[in-house]
**Student:** 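One structure follows; several queries about it will come next.
In this chain, residues are counted from 1 in sequence order. In each ligand, atom 1 is the first atom listed, and ligand 1 is the first ligand listed.
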Amino acid sequence: MGIIFDGHQQVFHLQGKDISYIFTILKNHQLGHIYFGKRIHHTDQLASVIRYAPRAYTACVFEGDPEFSLDYLPQEYPAYGKTDFRHPAYQIRVEQGNTITELEYVKHTISKGKPKLEGLPATYVENGDEAATLEVMLRDKYLDLDVILVYTVYENVHVITRSARFANHGKSPLQLLRALSMSLDFPDADFEMLHLSGAWARERHIKTRPLVHGIQSIESTRGASSAHQNPFLALKRKHTDEFQGEVYGFSLVYSGNFLAEVEVNHYDDTRVSMGINPFDFTWVLAPDEQFQTPEVVLAYSDQGLNNLSQTYHKLYRTRLARGTWRDEERPVLINNWEATYFHFTEEKILSLARAAKELGIELLVLDDGWFGHRDDDTSSLGDWIVYQKKLPHGLKYLGEEINKLGLKFGLWFEPEMISKDSDLYRHHPDWLLHAPNRRLSHSRNQYVLDYSRKEVRDAIYDMMVAILENAPIAYVKWDMNRNMTEIGSATLPKERQKETAHRYILGVYDLMERITRRFPEVLFESCAGGGGRFDPGILHYMPQTWTSDDTDAVERLKIQYGTSFVYPLSSMGAHVSAVPNHQVGRITPIHTRGNVAFFGAFGYELDIERLSQDEKDAIKDQVAFYKANRRLLQQGTFYRLISPFQENATCWMVVSEDQRAALVGYYKVLALPNSRFFTIKLQGLLPDVQYELQGTGKTFYGDELMYLGFQLPVKTQNPGDFTSYLWKFQAK
Ligand code: DGJ
């Protein structure tokens, strides 16, 4: 592994174990892109990949030279206005009012390891040998502006990370209108674009479309990465499937408004750009100030989509997530939300805890409604003080009683929000995002606190610390239940109002950093009305996220399948809930609800006291099963085998790191009359090792299961909707 600078050709070559990323310094001193993909040798002819020729109806950079035009040259961090007519990576309004800039190569450094990003979440290394970093300094000499492009290549994970830093050394302020994290030009457009789109309760459904000429993009303008579009896209070859073929992934480590854009030009070149959404964004870069973009993680696989996802899983589970809980087995929890909603008493929570203990559950989470005077969603956000009417003995007492029963205690917060009916609002009516004189739009009767302001964050921090220090709280659910409107801040000057949304996210990161550092033993789970902010940015602070408010087992097949494109199983909160399901009204068997939720950070979300003895017995077995297999489920290698987006069945499996244990989940949505027999080809096993199918005494070689396939038992043909099976294979 390493980074080569070939001075003779002026070529940079980042080489991981399996990937190469190559670019050069062009004649006009801008950076030209050469290659990203499977690792290739370094040769002395790499720069000649870039071809120059006079072309009709274009504009050229140098007088007398009809061959050098940025209209078609592949680039690394392009600008608009100097012969490239495509969307640029950045755009700056300069003092004179125009947006013409030229970033020329000045120097570079190559170092071991990976530097931190100031104030932003990012992937990291634990020792310097895991990765190497290249920083290329570009300068606009008339503006005295430096832009530092930062590239890291990991040795064993097939990714390149990229970000950009702007530093104004000039005397005048500059306006960053667009400051993306990366841009990358491919020499063809023979791709399909895959993205994860949805809405509340149906997050991260997989969408695929062929590239066409022009711009195709996904974005968020909601102030959060959103349930609607995830900050991820992949470009796959048409024949690429889960198991074979080329695919490139682009994942933005950011939780706010983003843009992921693919532009195909008239020569069938493809430009991928990603970063903070330029829409409704302007950042004033004053003299001596710097602006750091978020990081993009670019991944490559020539072995299909599963392999790409496994790359992200490994990196995000071990080098994006942090803290005590990163590698720990996550507890089986019960959350009272769907059991009681707002209507609980101290005694009800304690009796739920007693019943949970009987079933082997390890943690009880008290959700919304424990603070201020909150009986519904119209009040109290911002008043993080216990609601005496519901919890007369306080949180300390409740936590200790739960601990005495042998369970840990967890608590819900929604730290970024404020209700008008709250003391916080009465004392600080200007602490929310707003635009002067404009009526405030509400969502779920709540408003968004202005997290760009430190005093606002400090006040929430103090309230949270007081709660977390004074009660035995082992887990926190950090919720966020609305998107932004009237985006403006009372304290920013008018020329900086368009910084508010990004400053807000920086503020969220700041508070998450402070709280998680202050309470390193606490397990934090993020949430945003379900999976409305399930992104790599938040995962840096909180190792798991509530995947969706939709807990229906059938809906969850699609949601979890789609989420697994980028995010590891350890990050996906997945709970068994009641039937009829509260979101869709569907009745599914308890074993199917368990079999789906096992493939995530497992728990329950229902009133277990109301269940029949049979259901309680089933839960007891599920909890015991999960505990026995959770390391495998949370940290194993995950494979998608049959897609719920294409079939009536779904199948996925997880294989232990040593490949000696595997769990296969198979889910049939609707019963099929008189159907054919099914066979599934398993993945990731050791071909020469014999595996026992637990509970049957039958053994199979790994190659048999992977190539001949596992013949689904005849019982799986049996009628019945929403049935499922779980098979464990253990090496003998
Ligand atoms: C939305 C979350 O996704 C739910 O799990 C629950 O915590 C509610 N908010 C509480 O208001």
**Student:** Under 4.0 Å, heavy atoms only, figure out whether ligand 1 is touched by the backbone of Arg444, its side chain, both or neither.
**Tutor:** side chain
**Student:** Heavy atoms only, cut-off 4.0 Å: how does Asn481 contact ligand 1, side chain, backbone, both, or neither?
**Tutor:**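 The part of Asn481 near ligand 1 is the side chain, not the backbone.
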**Student:** Name the closest protein heavy atom to atom 5 (O) of ligand 1, giving the residue it belongs to and the distance to 0.1 Å.
**Tutor:** Lys477 NZ, 2.7 Å
**Student:** Hey, is CD on Glu358 packed in by over 12 heavy atoms from elsewhere, all under 6.0 Å?
**Tutor:**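 No, the 6.0 Å shell around CD holds no more than 12 heavy atoms from other groups.
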**Student:** Which residue holds the protein heavy atom closest to atom 11 (O) of ligand 1, what is that atom called, and what is the gap in Å?
**Tutor:**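 Nearest protein contact, heavy atoms only, for atom 11 (O) of ligand 1 is Asp368 OD2, 2.6 Å.
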**Student:** Using a strict 4.0 Å threshold on nitrogen-to-oxygen distance, state whether Lys627 and Glu329 make a salt bridge.
**Tutor:** no
**Student:** CZ of Arg517: more than 12 outside heavy atoms within 6.0 angstrom?
**Tutor:** no
**Student:** Applying side chain to side chain donor-acceptor pair (under 3.5 Å) between Thr551 and each of Gln583, His575, His582, report the one that passes.
**Tutor:** Gln583
**Student:** I'd like to know if Glu338 contacts ligand 1, where contact means a heavy-atom distance under 4.0 Å to any ligand atom.
**Tutor:** no
**Student:** Report the nearest protein non-hydrogen atom to atom 3 (O) of ligand 1: residue, atom name, distance rounded to 0.1 Å.
**Tutor:**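 Going atom by atom, the protein heavy atom closest to atom 3 (O) of ligand 1 ends up being Asp549 OD1, 2.4 Å.
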**Student:** Below 3.5 Å, N or O to N or O, backbone or side chain included: is there any such pair between Cys527 and ligand 1?
**Tutor:** no
**Student:** Does this structure show an ion pair linking Lys348 with Glu609, if we count only N-O contacts that are shorter than 4.0 Å?
**Tutor:**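 Looking at Lys348 and Glu609, the cut-off is met.
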**Student:** Where does Glu414 meet ligand 1, judged by heavy-atom distances below 4.0 Å: at the side chain, the backbone, both, or neither?
**Tutor:**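 For Glu414, there is no contact with ligand 1 at all, from either part.
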**Student:** Consider only side-chain N and O atoms of Glu615 and Ser612, and report whether a donor and an acceptor are under 3.5 Å apart.
**Tutor:** yes
**Student:** Counting from 1, what ligand 1 atoms have a heavy atom of Trp546 closer than 4.0 Å?
**Tutor:**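 That gives atoms 3 (O), 5 (O) of ligand 1.
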**Student:** For the residue pair Trp370 and Phe413, does the interplanar ring angle fall in the parallel (under 30°), tilted (30 to 60°) or perpendicular (over 60°) class?
**Tutor:** perpendicular
**Student:** For atom 7 (O) of ligand 1, grab the closest protein heavy atom and report residue, atom and distance to one decimal in Å.
**Tutor:** Asp367 OD1, 2.6 Å
**Student:** Is Asp479 touching ligand 1 with its side chain, its backbone, both, or neither, if touching means heavy atoms under 4.0 Å apart?
**Tutor:**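 Side chain only; the backbone of Asp479 stays clear of ligand 1.
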**Student:** Please work out whether the ring planes of Tyr509 and Tyr541 are parallel, tilted or perpendicular, with thresholds of 30° and 60°.
**Tutor:**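 Parallel.
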**Student:** Taking only heavy atoms of Gly530, which atoms of ligand 1 are found under 4.0 Å from at least one of them?
**Tutor:**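 By the 4.0 Å cutoff, the relevant atoms are 3 (O).
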